[in-house]
**Student:** 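Next up is a structure, given as structure tokens.
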Amino acid sequence: MRLSHRFLLGLGLGAVVAFITRALTDDPQLAIELGVTVLVLVWLGESILDVFL
């Protein structure tokens, strides 16, 4: 999967996580933090796994 595709997938999944977190906890800061974390982990996941494996 290309880097740009992983970025878009991470952006989508991050938005979903942020939406669900915001709906369940009513905490916008937590929603943003979790959404950005998911975005970065999905976007850079292949590179991170290559380093650790």
Side-chain angles (χ1 to χ4, degrees):
M1 186 179 291
R2 292 179 37 198
L3 190 62
S4 61
H5 291 147
R6 282 196 311 269
F7 176 77
L8 292 174
L9 177 63
L11 188 62
L13 289 175
V16 169
V17 167
F19 177 77
I20 292 171
T21 303
R22 172 76 171 160
L24 293 177
T25 65
D26 200 33
D27 184 3
Q29 183 67 30
L30 179 62
I32 291 170
E33 290 171 357
L34 288 177
V36 169
T37 300
V38 169
L39 166 63
V40 171
L41 288 177
V42 170
W43 185 26
L44 301 175
E46 185 177 341
S47 302
I48 293 170
L49 287 174
D50 285 345
V51 169
F52 290 116
L53 294 179

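When a residue number appears, it is its place in the shown sequence, counting from 1.
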**Student:** Which residues satisfy the side-chain contact (heavy atoms from CB on, under 4.5 Å) test with F7, sequence neighbours excluded?
**Tutor:**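 Checked F7 against side-chain contact (heavy atoms from CB on, under 4.5 Å); matches are L11, L39, W43.
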**Student:** Only one of T21, D27, I20 passes side chain to side chain contact (heavy atoms under 4.5 Å, CB included) with L24; say which it is.
**Tutor:**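 The single option meeting the side chain to side chain contact (heavy atoms under 4.5 Å, CB included) with L24 is I20.
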**Student:** When rounded to the nearest 0.5 angstrom, what distance separates CZ in R6 from CG in L44?
**Tutor:**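 These two atoms lie 8.0 Å from each other.
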**Student:** What closest approach, in Å, do R22 and P28 show between heavy atoms, and which atom pair accounts for it?
**Tutor:**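 Shortest heavy-atom separation between R22 and P28 comes out as NH1-CD, 2.9 Å.
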**Student:** Starting from F19, can I reach I32 by hopping between I/L/V/M/F/W/Y residues whose side chains sit under 4.5 Å apart?
**Tutor:**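 No, because I32 and F19 fall into different hydrophobic clusters, even though each may have its own neighbours under 4.5 Å.
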**Student:** So if you build clusters from Ile, Leu, Val, Met, Phe, Trp, Tyr with side-chain heavy-atom gaps below 4.5 Å, do V40 and L8 land together?
**Tutor:**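 Per the 4.5 Å side-chain linkage, V40 and L8 are co-clustered.
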**Student:** Nearest 0.5 angstrom please: R2 CZ to L9 CG, how far?
**Tutor:**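 Here the rounded value is 14.0 Å.
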**Student:** Do you know which two heavy atoms are closest between G35 and A18, and how far apart they sit?
**Tutor:**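 In this case the closest contact between G35 and A18 is CA-CB, 4.3 Å.
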